[in-house]
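The figures that follow rest on heavy atoms only: side chains count, while hydrogens, waters and symmetry mates do not. In this text the structure is predicted, and so the values were computed from the model without any measurement.
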Amino acid sequence: MGRLFRLFAVGALLVAGCADQGPVGPYFAPLVTPGQRAATPITRGPTLVSLCYNSNSTTPERVRQLVEQNCEGAELLSNRYDIGVCSLLVPIRAHYSCQRISAALAEERPPLLPSLTK
C-alpha cells in the first residue's frame, strides 16, 4: 500500500511539474470564424478561439496570459466543462472572441485526437 501511494505521489508531482507541456497542459483548440464550422487559419477578426485547460494544474492567471499573448481584443464568451472540444485530461474550455490573433496561433495545428478506426 505504501509503495502504491509513493508511486501515485511521484506521478502526481510529475504531472503538476509539466503543467504547460505534458498531457494536462493547456492548448488552443482549432480556430473558427463566426458562421464557419471548419478550422481556418486567419489573423484578422473576429475570430473565435478556445483554450482547453485543466483547472487543477493551470491557474486563471496563466489562462489569461496565454490568451493575451495570442488574442487582441479578447472577450470571454464562456468558460465551462466541454469534452466535445477538449480532451478528458484538459476538459475545461475557455471560449473567446478576438479581434485579431497572433500569426503563431493562426498557424498552430490542433493536437491529434486518438482514432478508433484505421
Side-chain angles (χ1 to χ4, degrees):
M1 183 70 171
R3 184 184 303 196
L4 183 60
F5 177 75
R6 279 182 275 172
L7 182 61
F8 176 76
V10 168
L13 287 174
L14 286 174
V15 168
C18 301
D20 262 7
Q21 296 133 348
V24 295
Y27 65 90
F28 284 95
L31 304 173
V32 294
T33 58
Q36 196 172 33
R37 298 183 121 179
T40 304
I42 62 173
T43 55
R44 288 181 272 179
T47 303
L48 301 178
V49 174
S50 292
L51 178 72
C52 298
Y53 69 97
N54 184 316
S55 60
N56 293 323
S57 62
T58 306
T59 65
E61 293 80 24
R62 181 64 180 142
V63 170
R64 269 192 299 277
Q65 181 185 35
L66 287 168
V67 170
E68 287 173 1
Q69 288 174 351
N70 292 285
C71 178
E72 184 178 293
E75 179 184 339
L76 180 65
L77 301 175
S78 67
N79 189 27
R80 65 174 192 251
Y81 182 82
D82 189 348
I83 58 171
V85 173
C86 301
S87 72
L88 287 174
L89 293 177
V90 284
I92 309 296
R93 178 173 80 143
H95 191 62
Y96 290 87
S97 173
C98 304
Q99 292 308 309
R100 286 182 38 176
I101 60 171
S102 68
L105 182 58
E107 294 173 4
E108 185 172 314
R109 302 291 180 253
L112 297 175
L113 299 175
S115 174
L116 298 177
T117 61
K118 289 187 177 187

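Closest non-hydrogen pair, L89 versus V24, comes out as O-CG1, 3.8 Å. C86 and Y27 make their closest contact through CA-OH, 3.6 Å (heavy atoms, listed as atom of the first residue, atom of the second, distance).
Here the side chains of Y96 and V63 are in contact, with some heavy-atom distance below 4.5 Å.
Going from atom CZ of F28 over to atom CG of L51 covers 5.0 Å, rounded to the nearest 0.5 Å. To the nearest 0.5 Å, the span separating CG on L48 from CD1 on I101 amounts to 10.5 Å. For the atom pair I83 CD1 and C52 SG, the distance stands at 11.5 Å (nearest 0.5 Å).
Taking the side chain to side chain donor-acceptor pair (under 3.5 Å) definition, one finds that N79 meets it with Y53, sequence neighbours left out.
Listed by first then second residue, pairs satisfying salt bridge (charged side-chain N to carboxylate O under 4.0 Å, His left out) with a partner in residues 78-88 read R80-D82, D82-R93, not counting sequence neighbours.
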Under 3.5 Å, which donor-acceptor pairs link side chains of residues 64-77 to any protein atom two or more places apart or in another chain?
from : atom 1 : to   : atom 2 : distance (Å)
Q65  : OE1    : R62  : NH1    : 2.6
N70  : OD1    : S102 : OG     : 2.8
N70  : ND2    : L66  : O      : 2.9

